[in-house]
There are 2 protein chains.
Amino acid sequence: MAISIYRGNIISSRSWDELDVHERGYVVVEDGIISGVHDELPEEYEKYDICDYGDRLIIPAFSDLHMHAPQYVERGVGMDCLLFEWLNTYTFPQESRFADRNYAGVIYPQVIRDFIRHGSLQVNLFSTIHYEACDLLFRMLIDSGLYAYAGKINMDMNSPEYYVEDTEESIRETERFIKEHIDLCNRVKPIIIPRFAPTCSKKLLKGLGELCRKYDVGIHTHLVESKAEAAWARELFPMCTSDGEIYEMTGLLQGSGPKIFAHVIFPTETEDRIFRQYSAVSVHCPDATTNITAGIMPVTSLHEKGYDIAIGSDVGGGHFFGIYRQISRALQLSKMKEFYEEDYKRAVFANAFYMATAAGGRVFGNIGKIEKGYKFNALVIDNMQDEGFRIPVLEALERFCYIGDDRNIRERFIDGVRIDPDEVYRKLIEK
Amino acid sequence: MAISIYRGNIISSRSWDELDVHERGYVVVEDGIISGVHDELPEEYEKYDICDYGDRLIIPAFSDLHMHAPQYVERGVGMDCLLFEWLNTYTFPQESRFADRNYAGVIYPQVIRDFIRHGSLQVNLFSTIHYEACDLLFRMLIDSGLYAYAGKINMDMNSPEYYVEDTEESIRETERFIKEHIDLCNRVKPIIIPRFAPTCSKKLLKGLGELCRKYDVGIHTHLVESKAEAAWARELFPMCTSDGEIYEMTGLLQGSGPKIFAHVIFPTETEDRIFRQYSAVSVHCPDATTNITAGIMPVTSLHEKGYDIAIGSDVGGGHFFGIYRQISRALQLSKMKEFYEEDYKRAVFANAFYMATAAGGRVFGNIGKIEKGYKFNALVIDNMQDEGFRIPVLEALERFCYIGDDRNIRERFIDGVRIDPDEVYRKLIEK
């Protein structure tokens, strides 16, 4: 059995509002799984070498639960546009380029490199409608070492004529994708990705719903992202009282895989019921919902109602890969919501850190905490101190989330194995 | 006459809503002043060497019009607190440490280094009440090469007993500060800095007002920063109908120096009049007003009413030095304001870039544009492109403001002279 021992300032979420801190503590990892976290090293481990990170912090790796891989090159451009203008000017033309597998072969290694660089080691991705490019992304994710859900997206209406699918073919290709990828790797799994209700016919959603049940896979889509989007969805699906019900009625919540819904800004009681009933996961993407002027997810109210809430970068609607930065952004938005909505109670740092690590990681198994029984998917980050004044370790973690960047991430571990963004990138482009 | 010629993608604000772009253009600098910007190099300059920055961007240096130098070590910590809790827990104890000039000698070089690192080459600073530490900061600013307004702050009431001044002494020390520093340097000038109305007695403000007139210096303070602050100020100064009138009535707008007011979130018609009448400058600090849940400055409405608006990092209420990031944050907040306030029209990229460069620079003279007659206070930044897809130069500038950082700033010029953050830091701590 391979045993590794790491020492540093260990910080991990105990719950939604509590952080566990072991200053200069020890984490013992056996075959990639944490077997214990200790303030004093137990005698039995004294014979082992200790990898000592000094005053640096050891924290769970971040999970990015909603990101559009083909929108990589749109990061931080076209931000003066609103959603539909942005989709038509930037996103749809860009995504349509992935009809060329070679283009995907240039872009996707950069996406994977940047996830690793910024410490997002579990990811859940949108792609495009193109089988070949999606296959390539999936195989690159396997080669990279990341934990991931990925697949082929579906859209058969209300889309530009150069970027739309035939309904039958969309279902057929999705089934082929699931069959060919479902058993390739334990870390990387297919998921069904209808773009969002307004671009999917009822027939398409029903076909995908059957695949969910048949192959027991999950779903990843957008939900009540903006008032305009929710209203449009209800208009197109008049038999449904809310956006969430569209996915329920078409059978898309029938698989045992994760049900992951990005944004959830204006949930109704139907969504409240659906999230509880199906143990669905909502994804807060603070930068993106600001950039498209969609509104602010009611994080604390959703938590009180029992929603699971993770965090997503939503690149390219969001502009920045670092989930650590979405932690601070979530707190800023939460304050703005409190400012504008009298009844709303803002979130605090421990809540946002929990969403970014424990809540997001759980979607991938025993991941997201530095705790016995969890996989050692972790980061070593700088204890960001200035000359002449010392702040406590919890404040150093807070500072990292507000002003740190990839330079301050010193080590990245997946299943207890070190992973390096540039090495992975080289491997992917050379292959 | 020293002539230098630089080539690159030159971008500068023509006006509030127009950007000038010279792709692969030339900027000719004579003795630190721009003598021309050209698409084709005029024949007369052909004999000179050209410093060619390739596809990189040449832009005006940023101005940070509101920042608290002693709050440097508070960057990104204690952000779960609201304003008054944060002041009492973090800020006042921290600022009181600057009674020790040696402590200032450790902290202030880091502040100056980080300004330069992030391309803020014109700055307007809060300090502390301590003469010695303020003198040190002022002299370090001179040595650094930065353009700056700085001084000693004033507060004689509603402050903790360990960090408050006697009224007479505060006025006396401020006068001494102005006399000893006003003629030291053309780039660095004293300014009067009453902390904010609630911590300054009428007697103190009147005394400072006399100094404004006597020495013809400007004022830098906070104005209608939050509803709570504005209400408190009105309660303490019942003879005034609004926060702005307090400074007018006590004579603080009588000097010919700049009148710089941070935040201006809830201006009344009195502020509208005062800003026009005194050509005052309002400073938008997006991160800070979010962090303290104060609200969102009505940037576009203020512009329409004729306000000059610059941008500030407001470190430590704001957490990040880069004014480029405040550009993107200003746009995000503007969208949130549009979302919540139906009549509000959001700002666009050109507006925010103008505030961060042209509007802020003007406070320091002919600074803030890459245009004939302006000082060459400029940055060379990366043209942030990805592998496999090219974006236009204006989008590359937008991307830099959203996701770039100090690594992407390749050169910094003040009065046409290159300046390096680490060299300046070494010089300051060795002195």
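Being a predicted model, the structure only gives us computed values, none of them experimental. Letters A, B, ... are given to chains in the order of the sequence lines, protein chains preceding strands, and every chain is numbered from 1.
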Enumerate the salt bridge (Lys or Arg N to Asp or Glu O under 4.0 Å) contacts for residues 88-111 of chain A, please, sequence neighbours excluded, ordered by first and then second residue.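 Residue pairs with at least one partner in residues 88-111 of chain A: E95(A)-R195(A), R101(A)-E132(A), R101(A)-D135(A).
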
Charged N-O contact under 4.0 Å between D382(A) and R410(A):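 Looking at R410(A) together with D382(A), the answer is yes, because their closest N to O distance falls below 4.0 Å.
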
Once you round to the nearest 0.5 Å, how far does CG of L82(A) lie from NZ of K335(B)?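 L82(A) CG to K335(B) NZ: 6.5 Å, rounded to 0.5 Å.
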
Against chain B, label [X] side chain, backbone, both or neither, depending on which of its atoms sit under 4.5 Å from a heavy atom there.
| X | result |
| --- | --- |
| Q385(A) | neither |
| D287(A) | both |
| S328(A) | neither |

Are M297(A) and T289(A) packed together at the side-chain level, in the sense that at least one heavy-atom pair is separated by less than 4.5 angstrom?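 Counting from C-beta outward, M297(A) and T289(A) never come under 4.5 Å.
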
How about L19(A) and R14(A): do any of their side-chain heavy atoms sit closer than 4.5 Å?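 The answer is no, as the side chains (C-beta and beyond) never meet within the 4.5 Å cut-off.
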
Looking at D405(A), I107(A), T293(A), which makes the most heavy-atom pairs under 4.5 Å with chain B?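 Highest number of heavy-atom pairs under 4.5 Å: T293(A).
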
Considering only heavy atoms and a distance below 4.5 Å, find which of V106(A), I391(A), I292(A), V77(A) pairs most often with chain B.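 Between V106(A), I391(A), I292(A), V77(A), the count favours V77(A).
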
For chain A, the option from [options] that forms the most heavy-atom pairs under 4.5 Å:
| options | result |
| --- | --- |
| M336(B), R346(B), E341(B), R75(B) | R75(B) |
| Y402(B), F349(B), F320(B), Y103(B) | Y402(B) |
| I296(B), L331(B), L394(B), L397(B) | I296(B) |
| Q110(B), K227(B), R325(B) | Q110(B) |
| E74(B), E338(B), M384(B), Q94(B) | Q94(B) |

Would you say the ring centers of Y72(A) and F321(A) fall short of 6.0 Å from each other?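 Under 6.0 Å, so yes.
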
Test log, rule side chain to side chain contact (heavy atoms under 4.5 Å, CB included), inputs R390(A) and D55(A): CA-CA 12 Å; R390(A) 247 193 124 63; D55(A) 76 344; 3.0 Å; yes

